[in-house]
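Worksheet for the structure shown next.
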Amino acid sequence: MIFYFSGTGNSAWAARQLAHLTGDEAYDITNLKELPDMENAKQIGFVFPVYAWGAPEIMADFVKKLPKTQVFTFGVCTCGGDAGLTMKQFSKHYLLSSSYSLLMPNNYIIGSDTDDEGEILQKITAAREELERMAQEIRRQERVYRVHEGALAGVKSHIANFGFNKFARSAKPFFAGDSCNGCGQCVRNCPASTISLRDGKPVWAAQCLQCLRCINGCPQLAIQYGKATARRRRYTIRAYLLQDEQI
Ligand SMILES: Cc1cc2nc3c(=O)[nH]c(=O)nc-3n(C[C@H](O)[C@H](O)[C@H](O)COP(=O)(O)O)c2cc1C
Ligand code: SF4
Ligand code: SF4
């Protein structure tokens, strides 16, 4: 049983690949009406993106309410660079037998440009291999800690992460430009129900998860976040999936 949260598809893809490779099922925590029966689960896994060297609040809140288990548990955080102490902190909410980070294309368009085509393809190709290796270790129930923490991990995961959650979760800088055709995709897909249509154009409430699904996924490339994003590339994993892969 693998629970996942994903903004732009990286973690959804990784969760589904791992489920396929370990004979398990993957569940999007934002679509769960009720918890699946965990009694007979052979393993419990979690897959999610790194947000400012920590787990997304929605995932941390989810696991805090989950019944504890005796079975093998594992967590995978997907990240564009380094994960800091994300997995050690997550393991305090829900004890993990194994922890991994998985390097994936960067979707944080607010902070810098997303990866170019070459980097994206390179990362996804390497991730496919790493997922195979992880799946073998998970099937053998080996205890592994393979997390790329990076430099100054403690400072990033404590101070920078605190700053992100306190000051950088505003949705106010989001707006839709003239190319928006009012299709409503961003409204339907927002996992925090932060967006609504007013006079045929999206408007954002005050705070959100900062998953960046809306800005990266708009088919018209109409969404911006302040002034910085106008010239930056958008990223979602959909364009890079193989025929038999899904999210
Ligand atoms: C708000 C936010 C913060 C992020 N912080 C980090 C970070 O601290 N370290 C990192 O390596 N990647 C960071 N990223 C990049 C994502 O973790 C990475 O692209 C991830 O694979 C996206 O997964 P998803 O497609 O499942 O949403 C951040 C992305 C967002 C949206
Ligand atoms: S997804 Fe893009 S085009 Fe569609 S309503 Fe939202 S901003 Fe407008
Ligand atoms: S408003 Fe955009 S960035 Fe914020 S939670 Fe919704 S989809 Fe994600």
Side-chain angles (χ1 to χ4, degrees), residues 1-51 53-79 83-102 104 127-147 149 157 161 165 188-193 209 211 213 237 241-242 244-247:
M1 190 169 292
I2 302 176
F3 297 106
Y4 70 87
F5 170 72
S6 181
T8 53
N10 289 349
S11 312
W13 171 77
R16 293 197 170 276
Q17 292 294 102
L18 278 178
H20 173 69
L21 293 166
T22 61
D24 206 340
E25 261 194 82
Y27 299 88
D28 180 345
I29 62 165
T30 65
N31 287 340
L32 278 181
K33 303 262 181 296
E34 57 185 34
L35 268 187
D37 180 13
M38 291 171 62
E39 283 274 300
N40 300 314
K42 56 176 180 170
Q43 60 186 25
I44 307 280
F46 305 95
V47 186
F48 52 85
V50 171
Y51 287 173
W53 303 282
E57 191 179 60
I58 187 171
M59 196 72 198
D61 288 348
F62 174 78
V63 294
K64 282 179 202 162
K65 293 185 203 131
L66 217 54
K68 302 295 173 233
T69 177
Q70 298 300 315
V71 300
F72 185 81
T73 54
F74 64 93
V76 180
C77 64
T78 73
C79 59
L85 303 184
T86 300
M87 299 313 292
K88 285 179 180 153
Q89 290 179 335
F90 187 86
S91 201
K92 287 182 189 155
H93 301 313
Y94 205 91
L95 193 63
L96 297 176
S97 316
S98 281
S99 295
Y100 299 94
S101 63
L102 183 69
M104 288 294 289
R128 281 196 182 94
E129 273 179 34
E130 174 61 7
L131 285 166
E132 296 264 358
R133 183 180 174 200
M134 274 181 203
Q136 285 175 14
E137 290 165 348
I138 291 167
R139 279 203 305 263
R140 292 195 294 262
Q141 305 211 331
E142 273 175 44
R143 287 175 170 266
V144 175
Y145 183 85
R146 192 159 62 245
V147 177
E149 295 185 352
S157 294
N161 183 263
N165 281 307
R188 288 190 297 278
N189 288 349
C190 172
S193 304
L209 303 170
C211 76
R213 187 183 296 176
I237 199 172
L241 295 178
L242 300 178
D244 58 341
E245 295 175 339
Q246 47 164 310
I247 54 169

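Taking the ring centroids of F62 and F5, they lie at or beyond the 6.0 Å cut-off.
Judged as a salt bridge (charged side-chain N to carboxylate O under 4.0 Å, His left out), and not counting sequence neighbours, the contacts of R128 are E245. When the side-chain hydrogen bond (donor to acceptor under 3.5 Å, both in side chains) test is applied to Y100, the partners found at least two apart in sequence or on another chain are E137. Shown here are the salt bridge (charged side-chain N to carboxylate O under 4.0 Å, His left out) partners of E132, two or more places apart in sequence or in another chain: there are none.
If you take CG on L18 and CE on M134, they are separated by 6.5 Å, rounding to the nearest 0.5 Å. Distance check, rounded to the nearest 0.5 Å: CG of L66 to CE of M38 gives 4.0 Å. With rounding to the nearest 0.5 angstrom, the OG1 atom of T78 is 6.5 Å from the CE atom of M104. One finds the CZ atom of R16 at 8.5 Å from the CD atom of E25 (value rounded to the nearest 0.5 Å). Note that the CZ atom of F72 and the OG atom of S97 stand 5.0 Å from one another [nearest 0.5 Å].
Contact annotation: the side chain of I2 never approaches that of Y27 to less than 4.5 Å [non-hydrogen atoms, C-beta and beyond]. Taking 4.5 Å as the limit, some side-chain heavy atom of Y94 sits within range of a side-chain heavy atom of T69. Between I58 and Y51 there is no side-chain heavy-atom pair separated by less than 4.5 Å. The shortest side-chain heavy-atom distance between I247 and S6 does not fall under the 4.5 Å cut-off. By the 4.5 Å heavy-atom criterion applied to side chains, W53 and E149 are not counted as neighbours. Using a 4.5 Å heavy-atom threshold, the side chains of V63 and F48 count as separate.
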Quiz prompt | Check against side chain to side chain contact (heavy atoms under 4.5 Å, CB included), L102 and L131 | solution = CA-CA 8 Å; L102 183 69; L131 285 166; 3.9 Å; yes
Exercise. Start with the C-alpha gap between C77 and M87, add the side-chain angles, then the distance that decides, and say whether side chain to side chain contact (heavy atoms under 4.5 Å, CB included) holds.
Key: CA-CA 7 Å; C77 64; M87 299 313 292; 3.6 Å; yes
Practice problem: Just do the side chain to side chain donor-acceptor pair (under 3.5 Å) check on D24 and Q43 with the steps written out, would you? | Solution: CA-CA 9 Å; D24 206 340; Q43 60 186 25; 2.8 Å; yes
Self-check item: Full working for side chain to side chain contact (heavy atoms under 4.5 Å, CB included) between F3 and L35
Solution: CA-CA 10 Å; F3 297 106; L35 268 187; 4.2 Å; yes
Exercise. Dump the intermediate steps for side chain to side chain contact (heavy atoms under 4.5 Å, CB included) on L96 and F74, then the final yes or no.
Key: CA-CA 5 Å; L96 297 176; F74 64 93; 5.7 Å; no
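Heavy atoms only, all atoms of each residue included: S157 and L85 are closest at OG-N, 2.7 Å. When all heavy atoms of S101 and A83 are compared, the closest pair comes out as CB-CB, 4.2 Å. When all heavy atoms of G7 and R213 are compared, the pair lying nearest together is O-NE, 2.9 Å. The two residues G23 and K42 have their closest heavy-atom pair at O-NZ, 3.4 Å. The two atoms that bring V50 and C79 nearest to each other are CG2-CB, 3.7 Å, heavy atoms only. Nearest heavy-atom pair across E142 and S98 is O-OG, 2.8 Å.
T73 contributes a side-chain N or O that, together with a main-chain N or O of L95, makes up a donor-acceptor pair within less than 3.5 Å.
Within 6.0 Å of NE2 in H93 there are more than 12 heavy atoms belonging to other residues, nucleotides or ligands. In this structure, K68 places its NZ atom where more than 12 heavy-atom neighbours from other residues, nucleotides or ligands lie under 6.0 Å away.
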